[in-house]
Amino acid sequence: MNSKNKQDIFLLSLNELERELLRLRIQKYRAKQIFEWIYKKGALDFGLMTNLSVSQREILYENFRFPTFKLLEKQHSEDGATKYLFELHDGRLIETVLISFKKRNTICISTQVGCKYGCVFCASGARGFTRNLVASEIIMQVFYLKCIEEVKIDNYVFMGMGEPLDNCSNLEQSIQIMNSKNQLGIAARRITVSTNGIIPGIERLKNFNIQVNLALSLHAVTQEKRKSIMPVASKYSLAQVLKAVLHYYEKTHRIPTIEYILLKNINDKAEDASGLAEIAKFLKAKVNLIPYSPVSSSKHLRRPMKTDVDKFLDKLLEKRVNVTVRNSKGRDIKAACGQLAGLKK
C-alpha cells in the first residue's frame, strides 16, 4: 500500500485503533500493547513490537505509518535552553524549545509553519504563513523530547511558531492525545495554550472537554497601541478579547496568564503599568513581564534597560498584581520569545 494511503497511527485514539485492528482480524487487546510500545517505550517501528506475531507486524506495516519527522539541528544555549529544528514530510521546518530552569523543564511547542498575524516583535510572523501543522506533527515535538530523549517535562506550552487558536482542530486533537491516559498521559493543568486573542478559538477552547490553561499575549493596554504592534487587534478589539478571556476563566476556573513583552519607549511607561494592573485585576490574572528579545525583522524595536523593567515591575507590585519577570532563555541561539522562525543556523 502506498504510504499516503496508510493511516497515521499517531492520529488514532485507543478505541479507533481497536476498531481498525478488528477490521484487520487482529485481536482488540493488541491495540493497548501497540500504544504501550509507542507511548511508553518510544517505539517508532512495528518490527520492535515483539509481543505481536510476525504476521501481525506485517499487517501493521501494510496499513499504518508513523509521521515523517527528522531532527536537523539541536542547539544549546548558555542559559539552559535547547532549540530543536525539525524537518517535516514536505521539507518545511519548525522549531521547538526546551527551557530548563530550577530543575523544571518546559517545552515550547509550534502549531504552524510560520504565522499569518505579523506581530511586529515576532520572527515567525515576519516569515509569513505557510501551513498548519497536523496533530501528529504537533505531537511529534512532544514525543521526541519525552519518549525518545526521555526528558522529564513539567510544563507544555503552545507558544512556539504560529497562533495555536488559528489551528483549533489540530490543536484540540493534539491535546486529547497528550491528555489520554492510554497515550502520553499529561495532566491538563500542565498544558497551556497561548493566543494573541483569536476570540472564536477562545470560545471553542472554553467548551473543550479538557480544561487547559490559557495565556493571553497582550503586549499593549489600549486598543490603539495594540493595533500598532499586533495587527490581529484590527479584527478582534481589546475589549472583546478581554471579555472572552474572562468568560474562559468563569467557565473553567483556570487562572489566566497575561504575557506582556516590554518594548522600550512603546509600552513600558507608568500609564502602561497602570493599565496592565487594571486588566490583570479584571481577568483575575497573573502577569509575565518579558523584556523584548531582538529579531532581525524589527530593528527599530529596543529592549528596555533593567532599571526600566524594575520600575515597571514596582508599579505592578504596588497595585498588588501577581507578576513575574521572565527573562526569556535562549537569546544567544534565537530561541527566546518571538525569535523562532524555523530556519537553519
Side-chain angles (χ1 to χ4, degrees), residues 42 69-87 93-111 121-124 138-162 164 178 184 186-187 189-194 212-213 215 217 219 257-264 286-296 298 301-310 312-313 322-345:
F69 208 76
K70 181 181 179 182
L71 177 66
L72 291 186
E73 293 177 356
K74 181 177 175 181
Q75 294 177 262
H76 297 283
S77 169
E78 294 177 354
D79 56 20
T82 304
K83 185 170 72 170
Y84 299 79
L85 180 69
F86 294 109
E87 182 178 25
L93 305 180
I94 59 169
E95 291 177 324
T96 309
V97 178
L98 178 69
I99 302 166
S100 299
F101 181 67
K102 293 183 178 179
K103 298 183 179 180
R104 296 181 67 81
N105 292 316
T106 297
I107 181 176
C108 191
I109 307 162
S110 292
T111 53
F121 45 79
C122 181
S124 298
I138 297 172
I139 285 298
M140 274 301 298
Q141 299 170 69
V142 178
F143 182 90
Y144 189 91
L145 271 69
K146 182 177 172 66
C147 300
I148 296 179
E149 293 208 338
E150 298 183 338
V151 176
K152 180 184 178 297
I153 302 173
D154 301 285
N155 299 300
Y156 301 78
V157 184
F158 290 95
M159 203 182 291
M161 293 171 57
M178 291 169 67
L184 290 171
I186 299 165
R189 69 180 184 276
R190 297 186 181 277
I191 302 171
T192 298
V193 175
S194 176
V212 298
N213 302 304
S217 292
H219 312 312
T257 299
I258 294 172
E259 305 285 349
Y260 193 91
I261 291 178
L262 280 168
L263 303 163
K264 185 174 177 62
K286 54 188 177 182
V287 175
N288 278 343
L289 291 182
I290 309 167
Y292 170 65
S293 296
V295 297
S296 59
S298 298
L301 299 179
R302 294 289 181 269
R303 182 180 175 88
M305 302 290 288
K306 185 180 183 304
T307 52
D308 298 324
V309 175
D310 290 342
F312 198 93
L313 174 63
N322 181 359
V323 57
T324 301
V325 176
R326 198 178 86 212
N327 284 299
S328 294
K329 291 179 175 289
R331 290 202 307 274
D332 56 321
I333 57 171
K334 291 184 170 55
C337 279
Q339 291 187 317
L340 300 185
L343 301 172
K344 291 183 180 180
K345 65 179 178 180

Item to complete: Please list, chain by chain and in numerical order, all residues satisfying side chain to side chain contact (heavy atoms under 4.5 Å, CB included) with S293, sequence neighbours excluded.
Response: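 Testing S293 for side chain to side chain contact (heavy atoms under 4.5 Å, CB included), a comparison that skips the adjacent residues, returns R303, S328, R331, A336, Q339.
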Worksheet item: How far apart are the closest heavy atoms of P304 and V309, and which atoms are they?
Response: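 Shortest heavy-atom contact: CG-CG2, 3.8 Å.
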Worksheet item: For the residue pair P291 and V325, what are the closest heavy atoms and their distance?
Response: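 For P291 and V325, the tightest heavy-atom pair comes out as CD-CG1, 4.3 Å.
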Discussion item. Applying ring pair (Phe, Tyr, Trp, His ring centres under 6.0 Å) to F86 and Y144, what does each step give before you reach the verdict?
Written reply: CA-CA 10 Å; F86 294 109; Y144 189 91; 5.3 Å; yes
Fill in: All salt bridge (Lys or Arg N to Asp or Glu O under 4.0 Å) counterparts of E87, not counting sequence neighbours
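Applying salt bridge (Lys or Arg N to Asp or Glu O under 4.0 Å) to E87 gives none.
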Fill in: Non-neighbouring partners of K329 that pass salt bridge (Lys or Arg N to Asp or Glu O under 4.0 Å), sequence neighbours left out
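With sequence neighbours excluded, K329 shows a salt bridge (Lys or Arg N to Asp or Glu O under 4.0 Å) to no residue whatsoever.
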Fill in: Results of salt bridge (Lys or Arg N to Asp or Glu O under 4.0 Å) for K306 - residues two or more places apart only
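Listed in chain order: D310.
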Item to complete: Compare all side-chain heavy atoms of V323 with those of L289 and state whether any distance is below 4.5 angstrom.
Response: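 Yes, their side chains come closer than 4.5 Å.
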Item to complete: Please list, chain by chain and in numerical order, all residues satisfying side-chain hydrogen bond (donor to acceptor under 3.5 Å, both in side chains) with Y84, sequence neighbours excluded.
Response: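 With sequence neighbours excluded, Y84 shows a side-chain hydrogen bond (donor to acceptor under 3.5 Å, both in side chains) to E149, given in chain and number order.
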Worksheet item: Can you name the residues that form a side-chain hydrogen bond (donor to acceptor under 3.5 Å, both in side chains) with T96, not counting sequence neighbours?
Response: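 Applying side-chain hydrogen bond (donor to acceptor under 3.5 Å, both in side chains) to T96 gives Q141.
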Practice prompt. Working to the nearest 0.5 Å, report the span between CG of L85 and CG of L71.
Written response: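 The CG atom of L71 is 7.5 Å from CG of L85, to the nearest 0.5 Å.
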Worksheet item: Looking at CZ of R190 and CG of N213, how far apart are the two atoms once the value is rounded to the nearest 0.5 Å?
Response: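 If we round to the nearest 0.5 Å, R190:CZ and N213:CG are 11.0 Å apart.
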Discussion item. Holding to side-chain hydrogen bond (donor to acceptor under 3.5 Å, both in side chains), I want the full list of residues that pass it with S77, two or more places apart in sequence or in another chain.
Written reply: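 Partners of S77 under the side-chain hydrogen bond (donor to acceptor under 3.5 Å, both in side chains) test: D79, D332.
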Discussion item. Using the side chain to side chain contact (heavy atoms under 4.5 Å, CB included) criterion, which residues pair with N105? Sequence neighbours excluded.
Written reply: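 N105 satisfies side chain to side chain contact (heavy atoms under 4.5 Å, CB included) with L98, S100, V151, D154 once adjacent residues are dropped.
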Worksheet item: Can you name the ring pair (Phe, Tyr, Trp, His ring centres under 6.0 Å) partners of Y260, sequence neighbours left out?
Response: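 Scan of Y260 (ring pair (Phe, Tyr, Trp, His ring centres under 6.0 Å), adjacent residues dropped) gives F312.
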Worksheet item: Any side-chain heavy atom of I153 sitting closer than 4.5 Å to one from T106?
Response: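 Contact flag for I153/T106 side chains = no.
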Practice prompt. Please identify each residue that fulfils salt bridge (Lys or Arg N to Asp or Glu O under 4.0 Å) with K264, with sequence neighbours left out.
Written response: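 By the salt bridge (Lys or Arg N to Asp or Glu O under 4.0 Å) rule, K264 matches D308.
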Worksheet item: Any side-chain heavy atom of M159 within less than 4.5 Å of one from E259?
Response: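 They are in side-chain contact.
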Worksheet entry | Donor-acceptor contact below 3.5 Å, side chain H76 vs main chain T82 |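 Not a single qualifying donor-acceptor pair exists.
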Worksheet item: Between atom CE of M178 and atom CD1 of I186, what is the distance when rounded to the nearest 0.5 Å?
Response: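 Answer for the CE-CD1 pair, M178 versus I186, is 4.0 Å.
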Discussion item. As an exercise, state the distance from CE of M161 to CD of E95, rounded to the nearest 0.5 Å.
Written reply: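 Reported to 0.5 Å precision, the distance equals 6.5 Å.
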Discussion item. Is the shortest side-chain heavy-atom distance between C147 and L184 below 4.5 Å?
Written reply: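 Heavy-atom side-chain distance check passes, below 4.5 Å.
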Discussion item. Suppose we screen for ring pair (Phe, Tyr, Trp, His ring centres under 6.0 Å). Which residues come up paired with F158, at least two apart in sequence or across chains?
Written reply: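 F158: no ring pair (Phe, Tyr, Trp, His ring centres under 6.0 Å) contacts found.
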Item to complete: Can you measure from CD1 (I290) to SG (C337) and round to the nearest 0.5 angstrom?
Response: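 The distance works out to 4.0 Å.
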Discussion item. Quick check: do T192 and N155 have side-chain heavy atoms less than 4.5 Å from each other?
Written reply: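 Sidechains of N155 and T192: no contact.
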Practice prompt. Evaluate the side-chain proximity of I109 to I138: yes if any heavy-atom separation is below 4.5 Å, no if none is.
Written response: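 Result yes, sub-4.5 Å side-chain heavy-atom pair found.
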Item to complete: Indicate yes or no: at least one non-hydrogen side-chain atom of C122 is less than 4.5 angstrom from one of V295.
Response: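 Counting from C-beta outward, C122 and V295 never come under 4.5 Å.
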Item to complete: Could you tell me the separation between the CG atom of L262 and the CZ atom of F121, rounded to the nearest 0.5 Å?
Response: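 Rounded to the nearest 0.5 Å, the CG-CZ separation comes to 11.5 Å.
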Discussion item. Tell me the closest heavy-atom pair linking V142 and I107, and the distance in Å.
Written reply: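 Reported closest heavy-atom pair: CA-CD1, 3.9 Å.
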Practice prompt. Please report the shortest heavy-atom distance between I191 and V212, naming the atom on each side.
Written response: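 Scanning both residues, the minimum pair turns out to be O-CB, 3.5 Å.
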